[in-house]
*Asks:* 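Here it is, the structure in full.
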Amino acid sequence: MYDYLVVGAGLYGAVFAHEATARGKSVLVIDKRPHVAGNVYTENVEGINVHVYGAHIFHTNDKRVWNYITQFAEFNRFTNSPVANYKGELYSLPFNMYTFNRMWGVVTPEEAEAKINEQRGEITGTPRNLEEQAISLVGRDIFEKLIKGYTEKQWGRDCRELPAFIIKRLPVRLTFDNNYFNALYQGIPVGGYTRMVENLLDGVEVRLSTDYLENKAELDASAKKVVYTGPIDAYFGYRLGTLEYRSVRFENELLDMPNFQGNAAVNYTDRETPWTRIIEHKWFEFGRDAEGNELPKTVISREYSSEWKPGDEPYYPVNDEKNGRLYEQYRQLAEKERNVIFGGRLGQYRYFDMDQVIAEALRCCDSELK
Ligand code: UDP
């Protein structure tokens, strides 16, 4: 009998499993996929660590989380500065002086501010949705060229039907600082995320290609408690209805050229281009392999966003009001499951970044593993 059965070998599950094991508990980790690391899984192709389930750039302001995770990997100095491609016009992201100069020809912060103020005037009162929030942050021009099309492709919904907080993730700066994140610490784990998660799981029993929900009774009987990091609605057999998720499909190509787009991420912010962004993975590690050699080839991934349906991988919870209400009902059911802890992006139905997942897992360890 294990003390804990951890369902899902992603970041939440791996952190919990590591801490429980370190405190003398017996732990079994299972995952339905044939590999560990959940959606941060990376795979080496021609010396390039490919982010198989989408780009992950670690960033945090939380010193506890940074000190914790750097025990399991060394991080490089990668700084995310995506480029937006709007019908061939290239803009610097996040919204900063380079963006405003390209958009309006303004040169000083004062001129940029005046332009934004002029355009944000159309929103009076507290923004009620993503569109109003975006216009009140950066004005209509930027909304139309850099936000509207991208967001509608990404979420499959009109910007007026999406919550404002999604766009508040992005900084707006009247300086020439194009670091996408306002984070004290940022980087990519040297050697890939998979190795980092393997280090977390060192000495922990892991069974892959094992579906919890299909073998629930038997697996439940093997442990005193369960840490479940899958979708909360799936756990309850969707009995109250399905929560909505966005899924992502990747088209990967190995190209016989050293440099396809000159940057890790290029966002296609027009409505017509069917993909949302193209990731060129080698630039997360400055185009070099583990030995520091320049790589002659490159791997790119086009990302296509779609509505999740059963059988797809869920990526993003759609945290609008309707889903919020349904999640709340599931959360109440979850509270009654005395021996089950629900954690992570899917278990808590929250648009968590990696550092928030780690912080949540550590918080859970603090209260659970006293
Ligand atoms: N966004 C946008 N244009 C961009 C990049 C982002 O409008 O070029 C908006 C979009 O609504 C997106 C949100 O900002 O869903 C958050 O973007 P982020 O890059 O943080 O998303 P993630 O990397 O988690 O997919």
Side-chain angles (χ1 to χ4, degrees), residues 11 38-40 51 53-60 78-87 89-96 98-99 102-103 127 129-173 178-183 186 188 244-250 261 263-271 273 275-279 281 284 301-308 313-320 345-346 350-357:
L11 277 180
N39 278 3
V40 306
H51 297 211
Y53 302 93
H56 285 79
I57 299 133
F58 193 85
H59 57 98
T60 190
F78 180 80
T79 303
N80 193 26
S81 297
V83 169
N85 182 327
Y86 178 78
K87 304 188 180 189
E89 295 170 18
L90 299 186
Y91 292 91
S92 168
L93 290 176
F95 312 116
N96 69 86
Y98 290 112
T99 328
R102 179 85 172 86
M103 186 68 67
N129 53 52
L130 194 152
E131 173 164 330
E132 293 186 2
Q133 180 68 65
I135 295 172
S136 93
L137 282 172
V138 285
R140 180 160 289 273
D141 289 344
I142 290 182
F143 171 69
E144 296 286 345
K145 285 190 168 178
L146 303 184
I147 298 173
K148 191 172 193 301
Y150 185 93
T151 299
E152 291 184 359
K153 286 191 286 186
Q154 164 75 12
W155 294 98
R157 285 160 178 76
D158 191 278
C159 289
R160 280 168 296 216
E161 283 160 25
L162 287 164
F165 83 86
I166 293 178
I167 199 70
K168 281 207 218 147
R169 293 167 58 83
L170 311 193
V172 178
R173 301 196 190 102
N178 64 355
N179 180 348
Y180 200 61
F181 302 116
N182 283 320
Q186 179 172 181
I188 302 281
E244 293 172 308
Y245 301 88
R246 293 297 286 172
S247 191
V248 190
R249 180 171 63 82
F250 301 93
Q261 63 182 17
N263 204 34
V266 176
N267 294 358
Y268 286 76
T269 58
D270 67 295
R271 191 70 190 78
T273 306
W275 53 86
T276 51
R277 56 187 168 194
I278 301 182
I279 301 300
H281 301 266
F284 290 125
S301 302
R302 289 189 176 78
E303 280 187 41
Y304 299 83
S305 184
S306 62
E307 198 64 17
W308 173 86
E313 288 293 347
Y315 284 80
Y316 297 87
V318 180
N319 290 117
D320 60 10
R345 206 183 245 217
L346 302 173
R350 293 265 300 277
Y351 189 178
F352 282 139
D353 288 329
M354 289 180 281
D355 64 323
Q356 295 170 303
V357 169

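Atoms within a ligand are numbered from 1 in the order they appear, just like the ligands themselves.
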*Asks:* Any idea which protein heavy atom is nearest atom 20 (O) of ligand 1, and the distance to it?
*Replies:*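 For atom 20 (O) of ligand 1, the nearest protein heavy atom comes out as Arg169 NE, 2.9 Å.
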*Asks:* Students should be able to answer this: which protein heavy-atom is nearest to atom 1 (N) of ligand 1, and at what distance?
*Replies:*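 The closest heavy atom on the protein side is Tyr150 CD2, 3.6 Å.
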*Asks:* Show the nearest heavy-atom pair for residues Pro94 and Tyr180, with the distance to one decimal.
*Replies:*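 Heavy atoms only, the tightest pair is CD-CA, 3.5 Å.
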*Asks:* Identify the closest protein heavy atom to atom 19 (O) of ligand 1: which residue and atom is it, and at what distance?
*Replies:*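 Checked against all protein heavy atoms, atom 19 (O) of ligand 1 sits closest to Tyr180 OH, 2.6 Å.
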*Asks:* Yes or no on salt bridge (charged side-chain N to carboxylate O under 4.0 Å, His left out) for Arg249 and Glu313, after CA distance, side-chain angles and deciding distance?
*Replies:* CA-CA 9 Å; Arg249 180 171 63 82; Glu313 288 293 347; over 6 Å; no
*Asks:* Between Tyr316 and Tyr351, is the ring centre distance below 6.0 Å?
*Replies:* yes
*Asks:* Give the numbers and elements of all ligand 1 atoms closer than 4.0 Å to a heavy atom of Gln154.
*Replies:* 15 (O)
*Asks:* Report, in ascending order of atom number, the atoms of ligand 1 lying under 4.0 Å from any heavy atom of Thr269.
*Replies:* 8 (O)
*Asks:* For a quick check under 3.5 Å, do Asn39 and Arg345 share a side-chain donor-acceptor pair by atom type?
*Replies:* no
*Asks:* Under 4.0 Å, heavy atoms only, figure out whether ligand 1 is touched by the backbone of Leu170, its side chain, both or neither.
*Replies:*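 Just the side chain.
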*Asks:* In ligand 1, which numbered atoms sit nearer than 4.0 Å to a non-hydrogen atom of Ile167?
*Replies:*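 Counting atoms of ligand 1 from 1, those under 4.0 Å from Ile167 are 9 (C), 14 (O).
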*Asks:* Which ligand 1 atoms does Ile166 reach within 4.0 Å, using its non-hydrogen atoms?
*Replies:*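 Result: 11 (O), 13 (C), 15 (O), 16 (C).
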*Asks:* Kindly compute the distance separating OG1 (Thr79) from CD (Gln186), expressed to the nearest 0.5 Å.
*Replies:* 5.0 Å
*Asks:* Verify side chain to side chain donor-acceptor pair (under 3.5 Å) between Asn178 and Arg173, making sure each step is shown before the conclusion.
*Replies:* CA-CA 8 Å; Asn178 64 355; Arg173 301 196 190 102; over 6 Å; no
*Asks:* May I ask you to identify the nearest protein heavy atom to atom 23 (O) of ligand 1, giving residue, atom name and distance to one decimal place in Å?
*Replies:* Arg277 NH1, 3.2 Å
*Asks:* Is the shortest N/O to N/O distance between Leu93 and ligand 1 below 3.5 Å?
*Replies:*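 N/O-N/O distance under 3.5 Å: no.
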*Asks:* Establish, from distance only, whether the side-chain atoms of Glu89 and Tyr91 form a donor-acceptor pair under 3.5 Å.
*Replies:* yes
*Asks:* Please identify which of these residues, Arg302, Glu303, His51, meets the side chain to side chain contact (heavy atoms under 4.5 Å, CB included) condition with Ile279.
*Replies:* Glu303
*Asks:* Can a non-hydrogen atom of Lys148 be found less than 4.0 Å from any atom of ligand 1?
*Replies:*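 No.
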*Asks:* Looking only at protein heavy atoms, which one is nearest to atom 3 (N) of ligand 1, and how far off is it?
*Replies:* Leu146 O, 2.9 Å
*Asks:* Can you establish whether the number of heavy atoms outside Phe250 located under 6.0 Å from its atom CZ is more than 12?
*Replies:* yes
*Asks:* Under 4.0 Å, heavy-atom basis, I'd like to know which part of Asn267 is in contact with ligand 1: side chain, backbone, both or neither.
*Replies:* side chain
*Asks:* Rounded to the nearest 0.5 Å, what's the gap from CD on Glu152 to OG on Ser305? Could you check?
*Replies:*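 Here the interatomic distance stands at 12.0 Å.
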*Asks:* Determine whether the side chain, the backbone, both or neither of Lys145 has a heavy atom under 4.0 Å from any heavy atom of ligand 1.
*Replies:* neither
*Asks:* Could you list which atoms of ligand 1 come closer than 4.0 Å to a heavy atom of Tyr316?
*Replies:* 22 (P), 24 (O), 25 (O)
*Asks:* Just jot down the ligand 1 atoms closer than 4.0 angstrom to any heavy atom of Ile147, in number order.
*Replies:*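 Those atoms are 7 (O).
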*Asks:* My understanding is that we take every heavy atom of each candidate and find the minimum distance to atom 7 (O) of ligand 1. Doing that for Val266, Ile57, Thr151, which one comes out nearest?
*Replies:*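 It is Thr151 whose heavy atom sits nearest to atom 7 (O) of ligand 1.
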*Asks:* Look up atom CG in Asp270 and atom CD in Glu144, then write down how far apart they are to the nearest 0.5 Å.
*Replies:*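 One gets 13.0 Å once the value is rounded to the nearest 0.5 Å.
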*Asks:* Does a side-chain heavy-atom distance below 4.5 Å link Ile147 with Ile135?
*Replies:*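 Ile147 does not reach Ile135 side chain to side chain.
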*Asks:* Could you say whether the N/O atoms of Tyr351 and ligand 1 ever approach to under 3.5 Å?
*Replies:*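 Looking only at distances, the answer is yes, because the N/O contact criterion of under 3.5 Å is met.
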*Asks:* In terms of residue, atom name and distance, what is the protein heavy atom nearest to atom 15 (O) of ligand 1?
*Replies:*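 So the nearest neighbour among protein heavy atoms is Trp155 NE1, 2.8 Å.
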